[in-house]
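Encoded as structure tokens, the structure appears first; notes follow it.
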Amino acid sequence: MTRKTLTEREALERASLLCAGSEHCLSQIKGKLEAWGLTAAARDRVLSRLQREGFIDESRFARAYALDKFRHNHWGRVKIALYLRQLGLGEADREAALEAIPEGEYMDGLRQLLASKQRTVRAASQYELRGKLLRFALARGFTMEEATGCLTDADEPV
């Protein structure tokens, strides 16, 4: 079954509806336009119009993405920055998005994440438990300093 290629007008309508429903970055919409069979010139015209009309805003997308991934997926700044970079966002947008995460909420989120994980981890010793929790925090995109700080700050083991 072959896909019907869209006209430039149809693609603009679909893309604007898509962007009106949720935040998307330039690379995501560009991929959609390519999949819909638009030529390079038509893609460029549609993308520039979407940006001009405010449907696509890279910095707004980066902030929304960072806050969403932190609050809902419990990702750390390292992992969020990696994914924003993979999406092709500029360094300034990535930095501004990471700074939009409130520091207090960030560390509280890490503490809660580690406390929740500790309840499910089986470890023979406190040393083994600490290692497992550190690896878990690193995999979630938190730095070693942040993770050890949360584990050390606790009066009792996390």
Side-chain angles (χ1 to χ4, degrees), residues 1-117 120 132-151 153 158:
M1 179 172 157
T2 60
R3 287 187 178 185
K4 175 189 164 203
T5 58
L6 299 178
T7 65
E8 186 174 334
R9 182 176 179 85
E10 291 170 332
L12 177 63
E13 289 173 7
R14 276 195 189 180
S16 61
L17 283 172
L18 186 65
C19 291
S22 61
E23 291 292 338
H24 293 280
C25 68
L26 202 58
S27 64
Q28 291 172 328
I29 298 302
K30 186 176 181 180
K32 293 278 187 193
L33 295 175
E34 288 174 1
W36 293 339
L38 259 64
T39 63
R43 268 194 319 263
D44 292 341
R45 286 190 299 272
V46 168
L47 289 172
S48 66
R49 182 158 177 198
L50 289 171
Q51 285 181 305
R52 192 173 54 248
E53 293 178 3
F55 285 103
I56 298 175
D57 183 346
E58 297 274 287
S59 61
R60 186 180 66 211
F61 169 79
R63 283 190 310 274
Y65 185 89
L67 287 171
D68 184 56
K69 292 302 180 185
F70 169 68
R71 289 184 177 146
H72 299 290
N73 295 36
H74 309 290
W75 286 4
R77 288 187 177 114
V78 174
K79 191 169 186 173
I80 293 169
L82 174 70
Y83 276 80
L84 287 173
R85 186 171 182 203
Q86 286 179 345
L87 289 170
L89 275 80
E91 185 175 345
D93 290 332
R94 291 193 313 260
E95 290 298 320
L98 296 176
E99 289 173 9
I101 301 171
E103 188 64 33
E105 185 179 341
Y106 185 76
M107 295 310 290
D108 286 343
L110 176 56
R111 280 186 204 93
Q112 291 172 3
L113 186 66
L114 290 173
S116 174
K117 182 64 176 177
T120 63
K132 287 182 177 188
L133 291 175
L134 284 173
R135 281 190 297 279
F136 175 75
L138 292 173
R140 284 294 180 102
F142 293 93
T143 65
M144 180 64 85
E145 292 79 25
E146 294 164 346
T148 54
C150 280
L151 290 173
D153 287 347
V158 176

With side-chain contact (heavy atoms from CB on, under 4.5 Å) as the criterion, how do E105 and R71 come out once you've worked through the C-alpha distance, each side chain's angles and the decisive distance to 0.1 Å? CA-CA 9 Å; E105 185 179 341; R71 289 184 177 146; 2.7 Å; yes
So [Y] and [X], do their side chains get closer than 4.5 Å, heavy atoms only?
X: L12; Y: L50; value: yes
X: L84; Y: D93; value: no
X: E103; Y: M107; value: yes
X: V78; Y: L82; value: no
X: E23; Y: R63; value: no

Ring pair (Phe, Tyr, Trp, His ring centres under 6.0 Å) against Y65, all qualifying residues, sequence neighbours excluded: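 Ring pair (Phe, Tyr, Trp, His ring centres under 6.0 Å) list for Y65, sorted by chain: F61.
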If you round to the nearest 0.5 Å, how far is [atom2] of [Y] from [atom1] of [X]?
X: E58; Y: R94; atom1: CD; atom2: CZ; answer: 11.5 Å
X: T39; Y: R45; atom1: OG1; atom2: CZ; answer: 6.0 Å
X: L114; Y: H74; atom1: CG; atom2: NE2; answer: 12.0 Å
X: T7; Y: W36; atom1: OG1; atom2: CH2; answer: 11.0 Å
X: T148; Y: M144; atom1: OG1; atom2: CE; answer: 7.0 Å

Atom [atom1] of residue position [X] - does it have more than 12 heavy atoms of other residues, nucleotides or ligands inside 6.0 Å?
X: E91; atom1: CD; result: no
X: K30; atom1: NZ; result: no
X: R85; atom1: CZ; result: no
X: K32; atom1: NZ; result: no

Reference residue F70; test ring-ring contact (aromatic ring centres under 6.0 Å, His included); the match among W75, Y83, Y106: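 That would be Y106; it is the only one of W75, Y83, Y106 passing the ring-ring contact (aromatic ring centres under 6.0 Å, His included) with F70.
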Please determine whether side-chain contact (heavy atoms from CB on, under 4.5 Å) holds for the pair L26 and L89, giving the CA-CA distance in whole Å, both sets of side-chain angles, and the decisive distance to 0.1 Å. CA-CA 9 Å; L26 202 58; L89 275 80; over 6 Å; no
Do the side chain of [X] and the main chain of [Y] share a donor and acceptor less than 3.5 angstrom apart?
X: R140; Y: L110; value: no
X: R43; Y: L38; value: yes
X: Q112; Y: G109; value: no

Using every non-hydrogen atom in the two residues, find where [X] and [Y] come nearest and quote the distance to one decimal.
X: A42; Y: E8; value: CB-OE1, 3.7 Å
X: R111; Y: C150; value: CG-SG, 3.6 Å
X: L67; Y: A100; value: CD2-O, 3.8 Å
X: A66; Y: I101; value: O-CD1, 4.1 Å
X: R49; Y: E53; value: NE-OE2, 2.7 Å
X: C19; Y: F55; value: CB-O, 3.6 Å

Does E13 have any salt bridge (Lys or Arg N to Asp or Glu O under 4.0 Å) partners at least two apart in sequence or in another chain, and if so, which? R9
